[in-house]
Amino acid sequence: MMLEGLSIALIVMHFITPSIYYVIARGWLRLSSKTGSRDGLTTEPPFVSIIIPTYNEAKVITQKLSNIYLQDYPRDRFEVIIVDSGSTDGTMDLIREWVKGHGDINVRVIEEGVRMGKAHALNTALRNAKGDIIVITDADSTWLRDSLRNAVTWLVNDCVGAVSCNKVPRTNKDVETEYRNYYGLLRIAESRKFSSAIFHGELAAFKRDLLEKIGGFPTDLGADDSHTAGLISMMGYRAIIPEDVKCIEYVPSKGYWTWRIRRAQHLIQHFLRFLRYVLIDGRDLPRDYRQIMLYESYLHLVNPWLFVVGLVLIIISAIHGALIPIALLLIGAALLVIKIFRTWVMTQVILVAAAIRNLWNKE
Ligand code: GDP
Ligand code: MN
């Protein structure tokens, strides 16, 4: 009986907290984006360095470069820096060929002999970049035509230190899209309040002087994009995802689950490190940012466990013949036909799996 009560309490709590956060976030959406408002690119557009780190990206690199080539941003106001870390699949040949055919765009290629990770590659590029604005972008993603211009326009504001993008799923499965909308809404809402808790490597733009102040991209944890934005927020600048900056992400079909778990691990590392700053190092953060990060840390680090532990306890109670747990299991199983619910459940399981894997593998 006690087991039964506990298991139900855990499950109820698991669903209530994100619901409350969702309602709060909807409230933030009504905030005007005054402090983050766009001043517009009235003066000469700032010079931008777009950094693409590549490791074996032969399948996508040509398309990636062409996508950047077609950006609605003056071509003499940006440079592209590719840092390749010893690709073995012909990526470099494809890049050279593409560059030969496009003389009217400034592309530089840096070859790192050995592979030392993405963040290391980004820092190598940063040292060679000329721009006041640094944009990093994964090779396996594309932008809309106005993504760069819109991102830079937001960055012109003094209080904004970093800008990232909304992810548009490449597939048009509508329920999958709805689920993304939930996360997308949180990102935009948090940005209205202060800063997004999470940044995306598909497009992350930073003010160069701030990047230098924090010592470049962090190489000691996976979420180089989110954590860089976090460090900038901790200095009091906003790191936002505005509605009008979008990117398209390619979701791998092979190795999908490993990919999801690795990504979840990066977020877990990001939030754990943040908690260390706040709880152990006692660092002072902007109040709104602290609130956002505490909520998100809870949702990523603690809340998934309530679900998994609650579920196990419910199953145990059900095996012992308790009626309410049996009914709950049946209802839960029936709800799995709803894709949003299924995706939610999957995500909780992935977060728990990632937390466990993170104990011995920090990749
Ligand atoms: P995921 O999307 O999180 O699975 O990460 P990816 O494997 O797609 O990597 C993101 C970007 O970083 C891609 O453009 C990769 O080619 C690039 N990348 C990953 N590892 C390295 C590396 O060691 N060196 C360099 N230069 N780029 C890397
Ligand atoms: Mn990728």
Side-chain angles (χ1 to χ4, degrees), residues 49-68 80-96 98 107-129 134-143 147 164-171 180 183 198-206 216-229 247-270 300 347 350-351 353-354 357-358 361-363:
S49 297
I50 302 174
I51 300 175
I52 315 173
T54 58
Y55 181 72
N56 287 348
E57 298 288 5
K59 276 200 208 91
V60 293
I61 191 62
T62 304
Q63 188 183 357
K64 177 70 190 171
L65 289 169
S66 299
N67 178 254
I68 288 176
V80 178
I81 303 178
I82 301 169
V83 208
D84 186 84
S85 306
S87 290
T88 52
D89 68 344
T91 300
M92 284 306 304
D93 298 334
L94 290 167
I95 292 171
R96 283 191 204 100
W98 190 92
V107 183
R108 277 190 289 154
V109 185
I110 301 171
E111 286 184 75
E112 286 190 317
V114 273
R115 186 178 184 195
M116 308 235 273
K118 177 182 167 184
H120 185 274
L122 293 177
N123 285 327
T124 304
L126 181 59
R127 281 192 296 276
N128 289 278
I134 306 291
V135 180
I136 61 170
T137 180
D138 292 349
D140 55 344
S141 69
T142 48
W143 299 344
S147 301
S164 190
C165 57
N166 298 275
K167 293 196 198 192
V168 183
R170 194 150 79 138
T171 52
R180 292 255 190 164
Y183 276 98
I198 293 170
F199 250 43
H200 302 308
E202 286 76 16
L203 190 169
F206 303 97
F217 296 93
T219 49
D220 57 340
L221 80 178
D224 37 71
D225 32 35
S226 294
H227 210 71
T228 306
C247 70
I248 296 163
E249 168 186 42
Y250 307 165
V251 176
S253 42
K254 216 171 56 190
Y256 174 75
W257 294 109
T258 330
W259 177 73
R260 285 285 307 265
I261 290 176
R262 220 185 77 247
R263 287 232 167 156
Q265 249 183 287
H266 293 168
L267 289 182
I268 286 169
Q269 292 164 10
H270 166 55
H300 283 83
T347 303
I350 287 170
L351 281 167
R357 186 170 187 269
N358 200 51
N361 188 329
K362 303 275 184 226
E363 185 213 342

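Ligands are counted one by one from 1 in listed order, and the atoms in each one are counted from 1 as well.
- Ranking protein heavy atoms by distance to atom 11 (C) of ligand 1, first place goes to Asp138 OD1, 3.4 Å.
- Under the 4.0 Å criterion applied to side-chain N and carboxylate O atoms, Lys167 and Glu202 are assigned as salt-bridge partners.
- Distances from atom 7 (O) of ligand 1 to the heavy atoms of Glu249, His266, Arg262 show the closest one on Arg262.
- Heavy-atom proximity to Val83, at under 4.0 Å, picks out these atoms of ligand 1: 26 (N).
- Here the shortest heavy-atom pairing between Lys64 and Ala139 reads CD-O, 3.4 Å.
- For ligand 1, the atoms lying closer than 4.0 Å to a non-hydrogen atom of Ser85 are 22 (C), 24 (N), 25 (C), 26 (N).
- Here the CD1 atom belonging to Ile136 is positioned 12.5 Å from the CD1 atom belonging to Ile81, to the nearest 0.5 angstrom.
- Just one of His300, His227, Gln265 meets the side-chain hydrogen bond (donor to acceptor under 3.5 Å, both in side chains) condition when paired with His270; it is His227.
- Using a cut-off of 2.8 Å, one finds that Glu249 contributes no N/O/S atom close to the Mn ion (ligand 2).
- Which parts of ligand 1 touch Ala139 is read off a 4.0 Å heavy-atom cut-off, strictly below it: atoms 13 (C), 14 (O).
- The shortest N or O to N or O distance between Met116 and ligand 1 is not under 3.5 Å.
- Scanning the protein for heavy atoms near atom 17 (C) of ligand 1, the closest one is Pro53 O, 3.4 Å.
- When only non-hydrogen protein atoms are considered, atom 19 (C) of ligand 1 lies nearest to Arg115 NH2, 3.7 Å.
- Contacts between Arg263 and ligand 1 below 4.0 angstrom, taking non-hydrogen atoms only, involve the side chain exclusively.
- Counting heavy atoms closer than 4.0 Å to ligand 1, residue Ala121 contributes side-chain atoms (C-beta onward) but none from N, CA, C or O.
- Inclusion of Tyr55 in the set of residues having an N or O under 3.5 Å from an N or O of ligand 1 is warranted.
- Scanning the protein for heavy atoms near atom 16 (O) of ligand 1, the closest one is Glu57 OE2, 2.5 Å.
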**Message:** Show, in sequence, the C-alpha distance, side-chain angles and deciding distance for Glu112 and Ser85, and conclude whether the side-chain hydrogen bond (donor to acceptor under 3.5 Å, both in side chains) test is met.
**Reply:** CA-CA 5 Å; Glu112 286 190 317; Ser85 306; 3.0 Å; yes

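- Annotation for ligand 1: atoms under 4.0 Å from non-hydrogen atoms of Trp259 are 1 (P), 2 (O), 4 (O).
- Distance remark: protein heavy atom not present below 4.0 angstrom from atom 9 (O) of ligand 1.
- For the pair Lys254 and Trp259, the NZ or CZ position fails the cation-pi test of under 6.0 Å to the six-membered ring centre and within 45 degrees of the ring normal.
- Looking at Asp140, its N, O or S atom nearest to the Mn ion (ligand 2) turns out to be OD2.
- Note that the NE2 atom of His200 and the OG atom of Ser141 stand 11.5 Å from one another [nearest 0.5 Å].
- Nearest heavy atom pair, residue Phe206 against residue Ala229, reads CE2-N, 4.1 Å.
- Here Glu111 pairs with Arg96 in a salt bridge; the nearest charged N to carboxylate O distance falls below 4.0 Å.
- Residue Gly201 places every heavy atom at 4.0 Å or more from ligand 1.
- Shortest non-hydrogen contact noted between Thr137 and Pro53 is O-CD, 3.3 Å.
- Which parts of ligand 1 touch Asp140 is read off a 4.0 Å heavy-atom cut-off, strictly below it: atoms 8 (O).
- At a threshold of 4.0 Å, the pair Asp138-Lys118 counts as salt-bridged, since one of the basic side-chain nitrogens sits closer than that to a carboxylate oxygen.
- To the nearest 0.5 Å, the span separating CG on Asn67 from CH2 on Trp143 amounts to 7.5 Å.
- In terms of protein heavy-atom proximity, atom 12 (O) of ligand 1 is closest to Lys118 CD, 3.4 Å.
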